[in-house]
Amino acid sequence: MVRAVVIHADSDAAGIKAEDKWLSRHYPTYHKVRQALLMKNGHYYDKIEVVNSSEDHKEIYFDITEPYNSLMRIFQKSG
């Protein structure tokens, strides 16, 4: 796994907001084209592919273990 940006958030919504903020700060001229959820060694990752108007593609990985686990606790409580 390549290096991932670690997302510290206590909810899924806050995690998404943090990803979007990071992307807009580091890749302001790009937009999302694809997203995948990955799991490796007990960690959860969002793999997001972005592209700009020149068709330059980038793949960014976010470690979303913290917000993902928070979301799973909500589902466990409601079940």
Side-chain angles (χ1 to χ4, degrees):
M1 178 71 59
V2 295
R3 289 192 93 151
V5 177
V6 178
I7 298 296
H8 296 288
D10 60 0
S11 71
D12 185 51
I16 293 167
K17 186 175 179 178
E19 285 180 353
D20 289 342
K21 185 176 180 179
W22 190 96
L23 286 168
S24 68
R25 185 178 314 135
H26 292 88
Y27 295 98
T29 62
Y30 288 71
H31 65 276
K32 289 182 192 179
V33 292
R34 218 170 267 115
Q35 183 170 347
L37 176 64
L38 309 170
M39 204 247 325
K40 184 170 183 167
N41 298 328
H43 285 262
Y44 294 91
Y45 300 91
D46 269 343
K47 174 183 159 185
I48 297 179
E49 184 180 343
V50 295
V51 65
N52 67 10
S53 60
S54 299
E55 296 298 318
D56 293 325
H57 289 256
K58 306 278 185 198
E59 288 182 349
I60 298 96
Y61 292 82
F62 293 96
D63 182 335
I64 59 162
T65 304
E66 195 174 297
Y68 185 88
N69 285 337
S70 176
L71 181 63
M72 290 301 102
R73 282 191 292 277
I74 290 170
F75 285 126
Q76 290 170 348
K77 287 179 185 177
S78 66

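Just so it is clear, the values below take in all heavy atoms, side chains as well, and ignore hydrogens, waters and symmetry mates.
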Using 0.5 Å steps for rounding, measure from the CD1 atom of Ile64 to the CG atom of Leu38. 9.0 Å
Considering only NZ, NE, NH1 and NH2 on the basic side and carboxylate oxygens on the acidic side, decide whether Glu59 and Lys47 come within less than 4.0 Å. yes
Once you measure the plane-to-plane angle for His26 and Trp22, does it fall in the parallel (<30°), tilted (30-60°) or perpendicular (>60°) bin? parallel
Side-chain heavy atoms of Asp46 within contact of Glu19, under 4.5 Å: yes
With distance as the sole test, does Thr65 use its side chain to make a donor-acceptor pair with the main-chain N or O of Tyr44 at under 3.5 Å? yes
Going by distance alone, is a donor N or O of one side chain under 3.5 Å from an acceptor N or O of the other, for Asp56 and Ser54? no
If two hydrophobic side chains count as joined below 4.5 Å and joins carry through other members, does Val50 share a cluster with Ile16? no
Connected via hydrophobic side-chain network under 4.5 Å: Ile48 and Met39: yes
Rounded to the nearest 0.5 Å, the OH atom of Tyr68 sits from the CG atom of Asp63 at a distance of 13.0 Å
Does one hydrophobic cluster hold both Tyr27 and Val51, with members joined at side-chain heavy-atom distances below 4.5 Å? no
Atom NZ of Lys17 with >12 non-hydrogen neighbours under 6.0 angstrom: no
Output yes when a side-chain donor or acceptor of Glu66 lies under 3.5 Å from a complementary backbone atom of Ala9, and no otherwise. yes
Indicate yes or no: at least one non-hydrogen side-chain atom of Tyr45 is less than 4.5 angstrom from one of Leu37. no
Can you find a pair of side-chain heavy atoms, one from Glu49 and one from Ile60, that are under 4.5 Å apart? no
Nearest heavy-atom contact between Glu55 and His57 is O-CD2, 3.2 Å
Minimum side-chain heavy-atom gap Pro67-Asp10 below 4.5 Å: no
Do Lys58 and Tyr30 come within less than 4.5 Å of each other through their side chains, counting heavy atoms only? yes
